[in-house]
Undergrad: 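Got a structure for you, written out below as structure tokens; questions coming shortly.
Predicted model only: the values in this text are computed from it and were never measured.
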Protein chains: 2
Amino acid sequence: MDSATQILDIAERMMRREGYNAISFRDIAGEMGIKSASLHYHFPKKVNLGEALVARYHKNFHDTLGARTSGLSDPSAKVQIFIDLHRSAIQDSGLICLCAVFGAEAKGLPETIGQGVKAFFNANIAWLSQMYRDANVPNPEQKAKASIAMLEGALIVASVSGDISVFEAAAKFAA
Amino acid sequence: MDSATQILDIAERMMRREGYNAISFRDIAGEMGIKSASLHYHFPKKVNLGEALVARYHKNFHDTLGARTSGLSDPSAKVQIFIDLHRSAIQDSGLICLCAVFGAEAKGLPETIGQGVKAFFNANIAWLSQMYRDANVPNPEQKAKASIAMLEGALIVASVSGDISVFEAAAKFAA
DNA sequence: GTCTATAATTTGATAGAC
DNA sequence: GTCTATCAAATTATAGAC
């Protein structure tokens with residue numbers, strides 16, 4: 001695996017646990033076994049790393065979503081895949097959505113990062129709206145907004161409480 | 001107003017915008033017009049300030065909730081007050097819930113702060129469960145967990161998107 | 001790509017005067 | 001309660017060797 005990818009992997013895991021400002025270049029480099037100065041070769045400034053994290057997270061999420069739903073025609077089944085993608089994060093590794101964490105800190109982050117987070121939420125709302133519309137759910141856009149809010153919030157509350165049942169309660173509504 | 005209260009007010013507003021780690025003693029002192037060293041007289045260490053913030057936030061929220069619902073008997077009306085309390089934060093000042101922000105960063109914060117955040121969520125879930133139970137809503141606890149997750153998440157998504165309609169969509173479900 | 005070395009700044013925190 | 005003075009450590013970032 002190339003270094004840039006390794007940096008992104010470690011940074012994403014750490015920041016999804018502790019936030020953007022809590023993690024330093026030294027923390028990331030330390031776990032890689034290299035020096036922090038070397039990180040600047042791949043990401044000149046911290047903001048570049050943050051932007052790359054959000055962009056990659058957004059792309060990975062929707063690539064995975066597309067791949068897993070490509071064979072399906074039932075919109076309700078696709079929504080379930082969407083929910084499962086959120087569940088697997090907290091279930092497999094106890095991690096919150098990167099954009100939920102950055103979203104909570106957004107007003108103190110470089111503006112480009114906030115814009116990336118906003119784009120992620122908007123894309124998810126648009127995707128989910130279409131699914132609900134296809135499933136003839138009333139007020140599909142409103143339901144999509146509520147579902148996104150619930151899934152993101154559920155990850156945070158479940159993580160803090162150490163209680164996955166909070167997520168399951170949310171998942172039941174979004175379905 | 002005494003200095004400790006003033007410090008808490010400023011720190012709360014700043015941290016609800018940018019997070020715990022983004023705000024320094026100098027930031028807070030600067031806005032108060034005093035020196036950062038003076039803050040240590042009121043809160044010896046930063047963790048003491050963080051703990052006090054969560055404790056006060058928790059107490060203020062439930063005191064206000066108690067005061068505004070004391071004359072009411074209809075549980076649905078009480079739930080509406082609960083939702084309004086969340087709405088007023090983002091509507092009046094664009095602020096996210098302190099515990100949503102700290103919850104997102106929790107794994108990187110002192111453990112006592114994480115425990116305070118957890119206690120806040122648990123208290124809210126318990127309170128809301130009782131309201132739904134009184135209103136004969138099916139699965140009151142599950143609905144309470146989903147509603148808390150949704151309201152907290154909606155504050156974050158609405159804040160990042162600059163779109164209050166996300167909160168209104170969530171409010172409609174929780175009602 | 002990674003290293004050493006280093007600079008500039010920020011941060012949490014303390015000691016002691018007033 | 002607030003100040004000045006100060007500190008040790010951490011942080012982002014750069015320059016230049018290998």
Undergrad: B:Phe120 vs B:Tyr57 aromatic rings, parallel, tilted or perpendicular, using cut-offs 30° and 60°?
TA: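 B:Phe120 and B:Tyr57: tilted rings.
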Undergrad: State the CD-NZ distance between B:Gln142 and A:Lys172, to the nearest 0.5 angstrom.
TA: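 If we round to the nearest 0.5 Å, B:Gln142:CD and A:Lys172:NZ are 4.5 Å apart.
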Undergrad: Which atoms form the tightest heavy-atom contact between A:Val101 and A:Gly19, and what is the distance?
TA: CG1-CA, 3.6 Å
Undergrad: I want to know whether B:His62 and B:Phe82 have ring centres closer than 6.0 Å.
TA: no
Undergrad: Taking all heavy atoms of A:Ala158 and all of A:Ile164, pick out the closest pair and write down the distance.
TA: CB-CA, 4.5 Å
Undergrad: Return the minimal non-hydrogen interatomic distance between A:Tyr20 and A:Ile113, and the atom names on each side.
TA: CE1-CD1, 3.7 Å
Undergrad: Test: salt bridge (Lys or Arg N to Asp or Glu O under 4.0 Å). Region: residues 145-170 of chain A. Which pairs qualify, not counting sequence neighbours?
TA: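 Of all non-adjacent pairs touching residues 145-170 of chain A, those that pass salt bridge (Lys or Arg N to Asp or Glu O under 4.0 Å) are A:Arg87-A:Glu168, A:Lys145-B:Asp163, A:Asp163-B:Lys145.
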Undergrad: Please give, in whole Å, the distance from D:dA13 P to A:Lys45 NZ?
TA: 6 Å
Undergrad: Specify the separation, in whole Å, of atom NZ of A:Lys46 and atom P of D:dA13.
TA: 8 Å
Undergrad: Looking at DNA chain C, which of residues 1-24 of chain B put a heavy atom within less than 4.0 Å of it?
TA: B:Ile23, B:Ser24
Undergrad: Can you confirm whether or not the ring centre of A:Phe121 sits under 6.0 Å from the ring centre of A:His58?
TA: no
Undergrad: Decide side-chain contact (heavy atoms from CB on, under 4.5 Å) for B:Phe61 and B:Cys97; before the verdict, give the C-alpha distance in whole Å, the side-chain angles of both, and the deciding distance to 0.1 Å.
TA: CA-CA 10 Å; B:Phe61 186 89; B:Cys97 171; over 6 Å; no
Undergrad: Taking only residues at least two apart or on different chains, which pairs with a member in residues 57-77 of chain A satisfy salt bridge (Lys or Arg N to Asp or Glu O under 4.0 Å)?
TA: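 Found A:Lys59-A:Asp63.
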Undergrad: Within 45° of the six-membered ring axis of A:Phe173 and under 6.0 Å from that ring's centre, is NZ or CZ of A:Lys143 located there?
TA: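 So A:Lys143 does make the cation-pi contact.
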Undergrad: Taking heavy atoms of chain B and a 4.0 Å limit, find me the 5'-most and 3'-most nucleotide of DNA chain C within that range.
TA: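 Range of nucleotides touched by chain B: C:dT11 to C:dT14.
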Undergrad: What bend angle does the helix from C:dG1-D:dC18 to C:dC18-D:dG1 show across its length, from five-pair end axes and to the nearest 10 degrees?
TA: 10°
Undergrad: Quick one, which residues of residues 32-41 of chain B touch DNA chain C with a heavy atom under 4.0 Å?
TA: B:Ala37, B:His40
Undergrad: For A:Met150 versus B:Ala146, what's the shortest heavy-atom pair and its separation?
TA: SD-O, 3.3 Å
Undergrad: Give the C-alpha distance, both sets of side-chain angles, the deciding distance and a yes or no for side-chain hydrogen bond (donor to acceptor under 3.5 Å, both in side chains) between B:Lys107 and A:Ser159.
TA: CA-CA 9 Å; B:Lys107 297 272 191 342; A:Ser159 166; 2.9 Å; yes
